[in-house]
> 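I am attaching a structure below and will ask some questions about it afterwards.
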Amino acid sequence: MSLSHPPPQKSSPLTPPTPPGLSGVDFLRAYFAPRQRLRLKEAAGCIGLSFSQFFRREREGTLGLRIRKDEIGERYVLLNDLVSYLFPDEDSGHALMPTKMRPGRPRKGTKGGAR
């Protein structure tokens with residue numbers, strides 16, 4: 001019987017332990033506490049996109065998330081902006097897809113349409 005130390009537990013250095021019993025907004029605030037600024041790669045992971053997809057959508061202007069720059073020119077996302085993007089209030093009228101860009105063809109009764 002060896003008296004050596006037990007083998008180290010395998011854990012990823014990128015995934016900190018998750019707070020128990022939290023979900024949604026509370027989970028995000030606890031996960032990134034005490035920071036209020038997120039790197040773009042972290043924000044992309046929260047949304048469920050890869051960094052290249054996130055960067056492309058941001059560059060094209062199809063991402064409704066506000067991205068800011070600091071004095072050095074590094075881009076970041078505020079935690080409050082990410083929370084309001086992921087969990088929009090019903091009262092605010094903010095939606096992930098604007099009403100002007102809904103998919104599909106116009107319904108019958110539009111002026112100037114083909115009959």
Side-chain angles (χ1 to χ4, degrees):
M1 180 179 239
S2 168
L3 296 177
S4 65
H5 294 287
Q9 302 234 349
K10 293 182 179 180
S11 66
S12 173
L14 300 176
T15 56
T18 58
L22 297 178
S23 65
V25 176
D26 297 327
F27 174 77
L28 281 175
R29 294 192 191 282
Y31 185 81
F32 290 110
R35 295 186 305 140
Q36 294 298 312
R37 292 171 46 159
L38 307 176
R39 294 181 305 227
L40 295 185
K41 189 171 187 177
E42 294 170 330
C46 290
I47 295 174
L49 300 173
S50 69
F51 179 73
S52 60
Q53 291 171 332
F54 183 86
F55 183 74
R56 187 187 76 233
R57 290 182 185 185
E58 185 266 328
R59 187 179 57 210
E60 292 173 351
T62 59
L63 189 65
L65 184 61
R66 184 172 181 190
I67 297 174
R68 303 167 190 241
K69 281 188 180 181
D70 60 5
E71 305 84 33
I72 304 171
E74 294 179 1
R75 293 176 303 164
Y76 64 93
V77 175
L78 289 178
L79 181 60
N80 290 337
D81 292 341
L82 181 67
V83 166
S84 64
Y85 177 79
L86 290 174
F87 305 101
D89 294 333
E90 290 79 20
D91 301 333
S92 69
H94 171 44
L96 295 179
M97 182 179 286
T99 56
K100 292 180 183 177
M101 299 180 71
R102 286 192 177 153
R105 61 181 182 84
R107 301 291 177 209
K108 292 181 181 177
T110 59
K111 294 181 181 179
R115 293 183 182 212

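Numbering starts at 1 and runs along the sequence shown.
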> Can you tell me how far CG of L40 sits from CD1 of I47, rounded to the nearest 0.5 angstrom?
9.5 Å

> Under the side-chain contact (heavy atoms from CB on, under 4.5 Å) test, which residues partner R57, sequence neighbours left out?
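Once residues adjacent in sequence are excluded, the partners of R57 under the side-chain contact (heavy atoms from CB on, under 4.5 Å) criterion are L49, T62, L63.
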
> Among pairs that include at least one residue of residues 79-88, which meet salt bridge (Lys or Arg N to Asp or Glu O under 4.0 Å), considering only residues two or more places apart or in two chains?
R68-D81

> Kindly write out the residues that satisfy side-chain contact (heavy atoms from CB on, under 4.5 Å) with R29, not counting sequence neighbours, or none if the list is empty.
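Result, side-chain contact (heavy atoms from CB on, under 4.5 Å) vs R29: V25, L79, N80, V83.
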
> Taking side chain to side chain donor-acceptor pair (under 3.5 Å) as the test, write out the residues that go with R56, two or more places apart.
none

> Considering all heavy atoms of both residues, which atom of S50 and which atom of A44 are nearest to each other, and what is their separation?
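Answer, listing the atom of S50 first, then A44: O-CB, 4.0 Å.
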
> Using a 6.0 Å cut-off, check whether atom CZ of R39 has over 12 heavy atoms from anything other than its own residue.
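At most 12 heavy atoms, drawn from other residues, nucleotides or ligands, come within 6.0 Å of this atom.
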
> By the rule that ILVMFWY residues connect when side-chain heavy atoms come within less than 4.5 angstrom, directly or transitively, which residues belong alongside Y76?
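Y76 shares its hydrophobic cluster with L78.
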
> Mind running side chain to side chain contact (heavy atoms under 4.5 Å, CB included) on I67 and F54 for me, showing each step along the way?
CA-CA 11 Å; I67 297 174; F54 183 86; 4.0 Å; yes

> Which residues pass the salt bridge (charged side-chain N to carboxylate O under 4.0 Å, His left out) test with R75, not counting sequence neighbours?
E58

> I'd like to check V77 versus Y85 (side-chain heavy atoms, cut-off strictly below 4.5 Å). Are they in contact?
no

> Within the structure provided, determine whether Y31 and C46 are in side-chain contact (heavy-atom separation under 4.5 Å).
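Y31 does not reach C46 side chain to side chain.
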
> Below 4.5 Å, heavy atoms only, C-beta onward: do F32 and E42 meet side chain to side chain?
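A side-chain contact exists here, since the closest heavy-atom pair is under 4.5 Å.
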
> Under the side-chain contact (heavy atoms from CB on, under 4.5 Å) test, which residues partner E71, sequence neighbours left out?
none

